[in-house]
Amino acid sequence: MRRRGRLPLDTAIAEWVADVPAATALALGIAPDRRPSEAMIRRLLQTLDPQLLTAAVGVWLAGRASTSTATGLRAVAVDGKSLRGSRTGDTAARHVMAACDQVTGVVLADTGVNGKTNEITRFAPLLNQIGDLRGAVITADALHCQRDHVTYLAERGAHWILTVKGNQPHLHAQLAALPWRAVPDATRDDDRGHGRRGIRTLKILTVSTGIDFPHAAQALQIRRRRRR
């Protein structure tokens, strides 16, 4: 196998097509004696709609990602990150938000977040790239603890687990006022290392009534304590 190094995408694809065995070329619909040139591949890439291509790849990956978990539910994590090395003297770093299958680690969809928008407005367009969310559990950080988001997920038949922090002060106060002292620990982890002891507890409480947040069914309290 020849090492290609850091080549432009069209050049790398053209070299791969030139080297691929005839049987593989035929399986891809390419005549072995009439393989596409680098120029033809470059023109093809330039005419592709990047959003449609991303959606098509996401559907293909979703169909092949394993969805078997202990509960039978698929877990999809939504998160955004700034791309390292993408910042220049004139432009800010590129920010991308992605949806990842938590079992396989496969990125099912992604979308750019430019300076004219933010992650909140790109939440639904991101998940629209995934064809079927029925029964899936969507996890996201506190930024996405939004009423519009959970309404969207409910309409698509998905479940959700969202972090609640200070950006939702009314909801946070409601959750903090629940009778947590009367609730036993669902799980408890006690770790020791590096001169510290870490204790983490998880409690679960049904909140079908009394919480001013749409479609809320349960509240989870996670407490972390560290001792030297």
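Along the sequence shown, residues are numbered consecutively beginning with 1. Only heavy atoms go into these numbers, but all of them, side chains included; no hydrogens, no water, no symmetry mates. Note that the structure is predicted; figures quoted are calculated from it, not measured.
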Linking Ile, Leu, Val, Met, Phe, Trp and Tyr by side-chain heavy atoms under 4.5 Å, what else ends up with Leu26? none
Main-chain N/O of Ile199 paired to Arg227 side chain as donor or acceptor, under 3.5 Å: no
Taking side-chain hydrogen bond (donor to acceptor under 3.5 Å, both in side chains) as the definition, give me every residue that meets it alongside Gln102, ordered by chain and number, with sequence neighbours left out. Thr139
Quick one: side-chain hydrogen bond (donor to acceptor under 3.5 Å, both in side chains) pairs with a partner in residues 27-38, sequence neighbours left out? Thr11-Glu38
So, taking the atom named CD in Gln218 and the one named OG1 in Thr206, what distance separates them when rounded to the nearest 0.5 Å? 5.0 Å
For the residue pair Met97 and Val78, establish whether any side-chain heavy-atom pair is separated by less than 4.5 Å. yes
Hey, quick one: are Leu73 and Ile161 part of the same hydrophobic cluster, counting side-chain heavy atoms closer than 4.5 Å, chains of contacts allowed? yes
Any chain of hydrophobic side-chain contacts (each under 4.5 Å) joining Tyr152 to Leu162? yes
Shortest non-hydrogen contact from Leu175 to Trp180? O-NE1, 2.8 Å
When you look at Cys145 and Leu171, which way does the side chain to side chain contact (heavy atoms under 4.5 Å, CB included) test go after all the steps? CA-CA 10 Å; Cys145 186; Leu171 177 61; 3.9 Å; yes
Quick check on the hydrophobic clustering: are Val164 and Ile211 connected, directly or via other members, by side-chain heavy-atom contacts under 4.5 Å? yes
Between Thr104 and Asp101, is any pair of side-chain heavy atoms under 4.5 Å apart? yes
Flag the pair Val137 / Arg74 as yes when at least one side-chain heavy-atom distance between them is below 4.5 Å, and no otherwise. no
If Ile, Leu, Val, Met, Phe, Trp and Tyr residues are connected whenever their side-chain heavy atoms lie under 4.5 Å apart, and connections chain through other members, are Ile130 and Val106 in the same group? yes
Between Trp160 and His215, is there a side-chain heavy-atom distance shorter than 4.5 Å? yes
Sort and list the pairs that fulfil salt bridge (charged side-chain N to carboxylate O under 4.0 Å, His left out) and have at least one residue in residues 122-139, not counting sequence neighbours. Asp132-Arg134
With side chains defined as the heavy atoms from C-beta onward, is the minimum distance between Lys203 and Arg223 less than 4.5 Å? no
By salt bridge (charged side-chain N to carboxylate O under 4.0 Å, His left out) - contacts of Asp79 (at least two apart): Lys81
Residues sharing Ile120's hydrophobic cluster, by side-chain heavy-atom contacts under 4.5 Å among ILVMFWY, directly or via others? Leu143
Quick one: hydrophobic cluster around Leu220, which other residues, with the 4.5 Å side-chain cut-off, linked directly or via members? Leu202, Ile204, Ile222
Would you indicate whether the side-chain heavy atoms of Ile41 and Leu45 approach each other to under 4.5 Å? yes
Can you list the residues that meet the side-chain hydrogen bond (donor to acceptor under 3.5 Å, both in side chains) rule with Thr121, with sequence neighbours excluded? Thr117
Rounded to the nearest 0.5 Å, how far does CZ of Arg43 lie from OG1 of Thr47? 9.5 Å
Evaluate the criterion side chain to side chain contact (heavy atoms under 4.5 Å, CB included) for residue pair Ile138 and Leu127; output intermediate values, then yes/no. CA-CA 10 Å; Ile138 310 301; Leu127 294 178; 4.3 Å; yes
Point-to-point distance, once rounded to the nearest 0.5 Å, from CZ of Phe213 to CD of Gln146: 7.5 Å
Hydrophobic cluster membership, Val107 vs Leu126, 4.5 Å side-chain cutoff: no
State, to 0.1 Å, how close His159 and Gly135 come at their nearest heavy-atom pair, and which atoms those are. CD2-O, 3.7 Å
For His149, side-chain hydrogen bond (donor to acceptor under 3.5 Å, both in side chains) partners two or more places apart: His144
Can any side-chain N or O of Thr151 pair as donor or acceptor with the backbone N or O of Arg147 at less than 3.5 Å? yes
Taking the side chain as every heavy atom from C-beta outward, state whether Val17 and Pro36 have any atom pair closer than 4.5 Å. yes
side-chain hydrogen bond (donor to acceptor under 3.5 Å, both in side chains) with Arg225: which residues, sequence neighbours excluded? none
Can you list the residues that meet the salt bridge (charged side-chain N to carboxylate O under 4.0 Å, His left out) rule with Asp10, with sequence neighbours excluded? Arg42
Which residue pairs pass the salt bridge (charged side-chain N to carboxylate O under 4.0 Å, His left out) test with at least one member in residues 164-192, sequence neighbours excluded? Asp189-Arg200, Asp190-Arg197
So Gln129 and Thr111, do their side chains get closer than 4.5 Å, heavy atoms only? yes
